[in-house]
Each structure stands twice: as C-alpha cells, then as structure tokens.
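This report concerns only the one structure given below.
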Amino acid sequence: MKSKRFWILAGLMTASFLAGSWLTPRIRIEWEPGRLPNQAAAAPERPAVTADEPVARSVSLVSPAVVNIDTVRRVVEEDWFFGPQTYESRGAGSGVVIDSRGHILTNDHVVARASQIRVTFGNGKQYPGRVLGTDHETDVGVIQLLDTPPNLAVAKQGDSRNLVPGQWAIAIGNPYGYQQTVTLGVIGHAGRAVRVDDRVYKRLIQTDAAINPGNSGGALCNIRGEVVGINTVVRSDAQGIGFAIPIDLARSIADELIRVGKIKRPWTGLNVRDVTADLAAYLGLDRAEGALVDQIDRRGPAWAAGIRPGDVLREIGGRKVRGRADVEAALSGIRIGQKLPLVVEREGQRFRGELTVSEKP
C-alpha cells in the first residue's frame, strides 16, 4: 500500500512540474543586428498625478511630446572583389515635438543622411517623417512629420540660460528601444565644453540623469515640465556623466533649419595658437606676443588674403593681437562678406592685408 501511495504522489508531483514548466512565462528579447528593438505597443493609461509628485507631474507634461525615431540609411562600401556594395543601416533615437506643424527637434547624429524615418508616439501610433535639416557643428537636427496627427502634443520650452548645478534634471527618451523611459538626476554643470571625434560642443549641460544609446535627441526637462536641453552624448567610461544641448541654442539652430534648411556660418579658414617663449625664440621674435598661424585651409579667405602657416598675426579687424584669445574675440561677431584688415609678421617683416569673410562650406 505504501508503495502504491508513493507512486501516486510521485506521479502528481511530476505532472505538476511539467505543467509548471509549460505555463511559466519566459522573457526573450530579440532584435536584428545593428537595430534597436522597437516597442510600438500602446502604453497603459496613466493614473492621475497629484501635486505632491512634482517629478511625475513634470513627466506627464513633457512625455506626450517625446517620440521614438527609427531610421534607415543606405550605406555604400567598396569591396575589393565585388565592387561597390549597398546595404541598409538601421538606427534609433529620440525626438521632441516643438510646434503644432509637426516639427521634431533631435540630434544630427540621429537623423543625418537617413533615407527613411518612422516616428512613434507614446500611444503607439506611427507616422512617416523626413529630414528637414541638420547641423553637424551643434549636433542639432530637425525632422518634419509627413502626416501631422490631430491634437499634436507640443513640449513647453524652458530657459537654459539660468541653470545652476543642483537643479533637478529629468531625462525622457528611448534608450535601447525602451520607449518613454524616465531617469532622474541633477544639473552637474551648465556650460561644459566637450570634444567627441570631430565635433566640439562648446556649451553643454552636464547631468547625472542616466542617458544611454537611444536617448539621443530626447528631452532633458526641469521640475516644472519645461524642456531645458536635448540629450546628446554620454561619457561611456564614467558613471552618471551625460550631456545635453541647451534648449536656447538647439531651438535657435532648429528655427533657422526650418526657415532655410541649413546654417550659414562666417568662415576665415584660419587656425592659430599662442606664441610661447620657446616659439618666440625659434622664430626670432623679440617677445612672446601674437598668434602663430599653424593651420590654414587653402579653400578659405585667409589663404586668398596671402596668409600662410608660420605667419604671426599682429592685428586683425582693428584689434591688437597679444594671443589667440584676441583673435577669437575679433572673429566672434564677424559676418559673411565682412572685410577684416590684417597686420601679419613673416620672417621679421610686417605687411598689411585684408581678409573677406565667406560662408563656411
């Protein structure tokens, strides 16, 4: 009898185990190589946010205007055997709706050279878009919805000129394809200069709100539900060091891209550095003063004006040059077509010239 009970109990336990193994839910995440997962399913309806939850309230104001951007680029690579090969490269990022006409602010590196764009809102609805304009220097891009939905949510713009360290910072975006992800931190610095590859960001907002691949182009907002920055880059070898483009800069670039499709910048083709004591001795100068021309673009106005590498700038635009800072100050407010008088020293001889500012190619 005991043996019979044992086998009955063992049979029930085995059946229970097998049933459990079939009924237990399993999570499996898959995506194509080089493509982030696209979570287009509609988000569950959010409960009402009370006034004593300021972070959640801020998110509820901004998140309807934050979108996921999926892109397709056609890439051509040379193959030594088969010749030019064309393939599609897929990517994903974030964006912020800035007006009721369907303009979306994002990063240049998210949408530049994209041949196809799909925009997904938090409710799961998708719309096609096109690149309206990008600016590599500031990493700002604008896309236009081809089919603008009714009652389009538009983000409220804040003021990024008066940010101070310690203020709350809320990042909203699409990291790794997880739409409408919210992270919280503070402003770490309000005007950080950062170099990434060939791009030099002159003034970025530093924050420890987590920013990951896919957050690029998304919103950095304050506790009042106002967008103060556009998330753009993260320091991968650190923890909690991410950066956003100040919204006043990003919006001014976006407005010009919407208006004319590109950014026109004045250009001299000139690059200088300070004259150190060692350089002064090497060049035979009587003192360490002036700005040494160390690089010059042969397509630019400076080359056309007769300036060459190794020259020392003594005056530019009517300003005496004691160092590189004086040259930068003289060029800070120049306009395309403006003529700048020059005094240049070469091999102990000084000569005067004139440089005509042109548009940066």
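The first residue in the sequence is number 1, and the count goes up from there. On a predicted model such as this, the values are computed, not experimentally measured, just so you know. Side-chain atoms are counted along with the backbone in the values below, which use heavy atoms only and exclude waters and symmetry mates.
Side-chain contact between Gln116 and Arg74 is present, with heavy atoms from C-beta onward closer than 4.5 Å. Residues Ile334 and Thr268 meet the side-chain proximity criterion, which asks for heavy atoms closer than 4.5 Å. Considering only heavy atoms from C-beta on, Leu132 comes within 4.5 Å of His103 through its side chain. Taking the side chain as every heavy atom from C-beta outward, Leu105 and Val140 approach each other to under 4.5 Å. The shortest side-chain heavy-atom distance between Leu340 and Leu331 falls under the 4.5 Å cut-off. Residues Ile205 and Ile187 have side chains in contact (heavy-atom distance under 4.5 Å, counting atoms from C-beta outward). Two residues are said to be in side-chain contact when any heavy atoms from C-beta on lie closer than 4.5 Å; Leu285 and Glu345 meet this criterion. Between Val233 and Leu204 there is a side-chain heavy-atom pair separated by less than 4.5 Å.
Remark: the Asp139 side chain and the Tyr201 side chain contain an N/O donor-acceptor pair separated by less than 3.5 Å.
Pairs engaging residues 126-171 under the ring pair (Phe, Tyr, Trp, His ring centres under 6.0 Å) rule: Phe121-Tyr127 [sequence neighbours left out]. Note on residues 327-340: pairs passing side chain to side chain donor-acceptor pair (under 3.5 Å), not counting sequence neighbours, are Arg324-Glu328, Lys339-Thr356.
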| said: As a quick check of understanding, evaluate side-chain hydrogen bond (donor to acceptor under 3.5 Å, both in side chains) for Ser94 and Asn174, giving each step before the final call. | reply: CA-CA 6 Å; Ser94 305; Asn174 177 47; 4.8 Å; no

| What do the steps show when you test Lys320 against Glu289 for side-chain contact (heavy atoms from CB on, under 4.5 Å), and what is the final call? | CA-CA 10 Å; Lys320 184 178 180 180; Glu289 187 176 274; 3.9 Å; yes

| request: Would you please test Arg314 and Val321 for side-chain contact (heavy atoms from CB on, under 4.5 Å) and show each step? | output: CA-CA 5 Å; Arg314 294 300 187 183; Val321 176; 5.7 Å; no

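The minimum heavy-atom distance linking Val312 with Leu283 is given by the pair CG2-CD1, 4.1 Å.
Checked for salt-bridge contact, Asp255 and Arg251 meet the test: a charged N lies under 4.0 Å from a carboxylate O. Taking the charged nitrogens against the carboxylate oxygens, Glu226 and Lys156 do have a contact shorter than 4.0 Å, which makes a salt bridge. A salt bridge links Arg203 with Asp248: the closest approach of a Lys/Arg side-chain nitrogen to an acidic carboxylate oxygen falls below 4.0 angstrom.
Transitive grouping of hydrophobic side chains (ILVMFWY, heavy atoms separated by less than 4.5 Å) brings Val66 and Ile247 into a common cluster. Residues Val142 and Val260 are members of separate hydrophobic clusters, defined by side-chain heavy-atom contacts under 4.5 angstrom among Ile, Leu, Val, Met, Phe, Trp and Tyr. Ile211 and Val196 end up in different hydrophobic clusters when Ile, Leu, Val, Met, Phe, Trp and Tyr side chains are linked at under 4.5 Å. Hydrophobic cluster membership differs between Leu163 and Ile245, with clusters built from Ile, Leu, Val, Met, Phe, Trp and Tyr side chains linked at under 4.5 angstrom. Val327 is connected to Leu342 through a chain of hydrophobic side-chain contacts under 4.5 Å among Ile, Leu, Val, Met, Phe, Trp and Tyr, so both are in one cluster.
Residues passing the salt bridge (charged side-chain N to carboxylate O under 4.0 Å, His left out) test with Lys262, sequence neighbours excluded: Glu359.
Considering Asn107, Thr120, Val111 as possible partners of Ile69, the one that fulfils the side chain to side chain contact (heavy atoms under 4.5 Å, CB included) test is Val111.
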